[in-house]
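Model, not experiment: these values are computed from the prediction. Each chain gets a letter, A, B and so on, in the order the sequences are listed, and its residues count up from 1.
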Protein chains: 2
Amino acid sequence: MGASVTSRALAILGAFDGEHRALSLTDLAHRAGLPLATAHRLVGELHRWGALAREANGDYVIGRRIWQLGLLAPVQSGLRQAASPFLHDLYGTTLATVHLAVRDGLEVLYVERLAGHVSVPVVSRVGSRLPMHSTGVGKVLLAYAPEDVRMEALKALTRITAYTITQPARLLEQLKRVRAEGYATTGEEMSLGACSVAVPVRNGDSVVAALGMVVPDLRRQLPRLVSALQVAAHGIGRTLAGAPSVQWK
Amino acid sequence: MGASVTSRALAILGAFDGEHRALSLTDLAHRAGLPLATAHRLVGELHRWGALAREANGDYVIGRRIWQLGLLAPVQSGLRQAASPFLHDLYGTTLATVHLAVRDGLEVLYVERLAGHVSVPVVSRVGSRLPMHSTGVGKVLLAYAPEDVRMEALKALTRITAYTITQPARLLEQLKRVRAEGYATTGEEMSLGACSVAVPVRNGDSVVAALGMVVPDLRRQLPRLVSALQVAAHGIGRTLAGAPSVQWK
DNA sequence: ACGCCCCCTTCCACTCAGCGGAAGTAGATT
DNA sequence: AATCTACTTCCGCTGAGTGGAAGGGGGCGT
């Protein structure tokens with residue numbers, strides 16, 4: 001097993017997730033699979049450096065230093081910053097929840113999400129992952145993913161709602177249409193009452209991200225939304241290409 | 001010296017900063033003060049875990065996993081999310097660059113920054129730090145900081161522009177007025193051509209952050225800006241207090 | 001084409017940092 | 001006062017980590 005000190009320290013950091021943002025030393029040791037004394041020493045070191053911080057009640061949380069480091073990640077500093085103003089424009093003109101996502105392995109990783117004060121109950125969260133076959137941005141990313149990734153992803157089409165596509169052949173058919181038409185849609189495949197549209201974001205020739213929005217109903221306004229999305233995606237692509245900053249994938 | 005494995009691994013992460021977002025193994029070893037072979041092994045472990053990623057050219061960058069962890073930090077998940085919609089409103093009504101910041105030690109840490117397509121040349125960046133005595137948000141945070149922090153901060157008033165306040169007595173005088181009037185201003189004290197206003201954000205009785213904006217000129221519209229800021233700050237405070245989510249300080 | 005240089009990767013025997021069971025401390029709870 | 005839970009400290013044994021050195025490999029100048 002992970003016997004190296006480094007892997008143990010990382011196991012401690014890995015013990016935090018969306019449902020566990022604050023953990024006591026004992027919990028931390030337990031979740032990381034470490035003896036209490038060992039966890040105590042490592043946690044102390046991480047805390048001293050600023051990777052962990054303590055709350056008023058003594059629980060540990062992820063520290064500001066990790067947060068700051070995260071801001072240096074290419075996904076954040078390149079893509080997200082390029083996209084930010086365009087997302088605001090999109091939100092301003094449509095008032096729908098807007099998403100920017102990348103593919104990470106066989107999942108969709110949400111990089112940015114914009115919603116108003118009263119956010120529609122949408123599942124996604126910045127930094128969270130969702131399956132690719134049941135989301136608009138996921139279908140786009142899958143459509144433009146390398147062949148082997150696509151095949152791998154087709155093997156596990158888990159059902160989420162009654163409308164989720166679980167037949168590989170049907171999904172492949174849709175992905176083909178996505179490539180032909182340049183956008184993807186979903187209808188209550190991820191959560192009931194929510195439809196989505198998404199388009200690819202390109203940097204040069206390669207698709208580097210997907211831009212999507214979630215709305216209660218698509219039928220009437222689909223063309224308008226698609227064209228708004230495409231304008232924004234194109235703008236982001238141009239910013240990425242022209243940016244003198246760091247490469248990001 | 002930092003001889004523990006953990007501190008060495010952290011030193012590698014710490015080698016990244018705003019000016020060094022992508023580093024080769026050799027640079028990394030050099031900046032972290034480690035022998036190449038040692039750095040190689042540690043970097044490999046960090047990379048395998050996802051703390052580091054590699055770019056096309058082989059350079060290492062901060063990985064997505066660290067970015068995701070950072071999103072769990074209280075500063076991000078509590079404060080930032082509570083503030084986000086209010087910042088958008090503020091930006092929408094004023095079109096000025098808007099800032100949310102907290103105090104970290106003797107410096108101001110920028111937690112959120114909102115600007116339009118054409119951003120005025122503002123020094124701050126999300127995740128960056130600036131001195132407290134030369135920024136609007138800094139003055140607010142200093143005004144409401146514990147006595148010992150304030151005294152410590154007064155010892156090092158470094159000059160940045162010709163208008164930077166470097167006399168402790170004068171700054172103290174201003175901080176007193178900040179507490180009395182509920183807002184702080186600066187006039188070209190951080191960078192020429194930029195003025196700022198800022199107000200405290202409260203959670204219950206304690207000041208937990210500062211909300212500010214940067215504009216080319218203050219004179220005419222000061223009252224309007226201050227009241228817009230105060231409305232937003234109040235809204236953020238209410239959201240924080242009422243939020244069922246994690247505590248964040 | 002050849003050799004040079006720079007950067008990365010692998011190896012291996014020594015040794016000291018890290019390990020973790022156990023004992024100690026501090027609060028809360030009964 | 002006794003009991004429990006959660007955290008902190010101690011210390012001698014040991015194998016994980018170390019890092020100098022040697023082994024690729026690819027880009028560049030001549």
Side-chain angles (χ1 to χ4, degrees), chain A residues 1-17 19-63 65-66 72 74 246-249, chain B residues 1-17 19-63 65-66 72 74 246-249:
Chain A
M1 281 260 237
S4 79
V5 193
T6 314
S7 69
R8 287 166 180 219
L10 293 173
I12 287 175
L13 294 180
F16 293 93
D17 64 33
E19 278 82 54
H20 303 85
R21 290 153 188 261
L23 295 166
S24 72
L25 177 61
T26 312
D27 292 344
L28 219 36
H30 195 248
R31 286 177 58 86
L34 297 174
L36 188 60
T38 304
H40 179 255
R41 197 164 15 84
L42 291 175
V43 164
E45 236 170 322
L46 291 170
H47 181 227
R48 230 164 294 129
W49 189 77
L52 298 179
R54 302 196 82 162
E55 297 214 307
N57 63 16
D59 280 4
Y60 289 93
V61 291
I62 296 292
R65 193 121 179 219
I66 293 279
L72 301 177
V246 195
Q247 297 271 343
W248 66 272
K249 168 89 195 206
Chain B
M1 282 253 240
S4 80
V5 194
T6 314
S7 70
R8 288 169 179 215
L10 293 172
I12 286 175
L13 293 180
F16 292 92
D17 64 33
E19 278 83 53
H20 303 85
R21 289 154 187 261
L23 295 166
S24 71
L25 177 61
T26 312
D27 292 345
L28 219 36
H30 195 247
R31 286 178 59 86
L34 298 174
L36 189 60
T38 304
H40 179 255
R41 197 162 16 84
L42 292 175
V43 164
E45 239 170 321
L46 291 169
H47 180 228
R48 230 164 294 128
W49 188 78
L52 298 180
R54 302 196 80 162
E55 297 214 307
N57 63 18
D59 280 4
Y60 289 93
V61 291
I62 296 293
R65 194 123 182 216
I66 293 280
L72 302 176
V246 195
Q247 298 269 343
W248 66 272
K249 169 96 192 203

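The two residues B:E55 and B:A22 make their nearest non-hydrogen contact at OE1-CB, 4.0 Å. Listed here is the closest heavy atom pair of B:T38 and B:R8: CG2-NH1, 3.8 Å. Here the shortest heavy-atom pairing between A:Y60 and A:F16 reads O-CE2, 3.3 Å. Across A:T6 and B:A9, no two heavy atoms sit closer than the pair CG2-CB, 4.3 Å.
Side-chain proximity of B:S4 to C:dC8, C:dG20, C:dG18: nearest is C:dG18.
With values rounded to the nearest 0.5 angstrom, B:I66 atom CD1 is found 4.5 Å from A:I66 atom CD1. Here the straight-line distance linking atom CZ of A:R65 with atom CG of B:L10 works out to 8.0 Å at 0.5 Å rounding.
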When the side chains of residues 39-46 of chain B are checked against the rest of the protein, which donor-acceptor pairs come out under 3.5 Å, sequence neighbours left out?
unit_1 : atom_1 : unit_2 : atom_2 : d
B:E45  : OE2    : A:S4   : OG     : 2.2

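Under the side chain to side chain contact (heavy atoms under 4.5 Å, CB included) criterion, A:A15 pairs with A:L23, A:L28, A:R31, sequence neighbours left out. B:A32 pairs by the side chain to side chain contact (heavy atoms under 4.5 Å, CB included) definition with B:A11, B:I12, B:L34, not counting sequence neighbours. Here B:T26 pairs with nothing under the side chain to side chain donor-acceptor pair (under 3.5 Å) rule; sequence neighbours left out.
Bounding nucleotides for the chain B contact on DNA chain D, 5' to 3', at a heavy-atom distance below 4.0 Å, are D:dG17 to D:dG20.
In this structure, B:Y60 atom OH and C:dC7 atom P are separated by 14 Å, rounded to whole Å. In this structure, B:D59 places its CG atom 8 Å from P of C:dC8, rounding to the nearest Å. When the P atom of C:dA22 is taken as reference, atom CG of A:L36 falls 14 Å away, rounded to whole Å.
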Could you run down the sub-3.5 Å N/O contacts of the protein with nucleotides 23-27 of chain C?
none

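Residue A:H30 qualifies as open at atom NE2: its count of foreign heavy atoms under 6.0 Å is 12 or below.
Taking a 4.0 Å limit (strictly below) on heavy-atom distances, residues 37-46 of chain A reaches DNA chain D at A:A37, A:H40.
Side-chain contact between B:L13 and A:W49 is present, with at least one heavy-atom pair separated by less than 4.5 Å.
Taking the nucleotide of DNA chain D with the nearest heavy atom to each of A:S24 and A:V5, the more 5' of the two is matched to A:S24.
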Dot-bracket pairing map - DNA chain C, Watson-Crick plus G-U, both contacts under 3.5 Å, | cross-strand: ||||||.|||||||||||||||||||||||
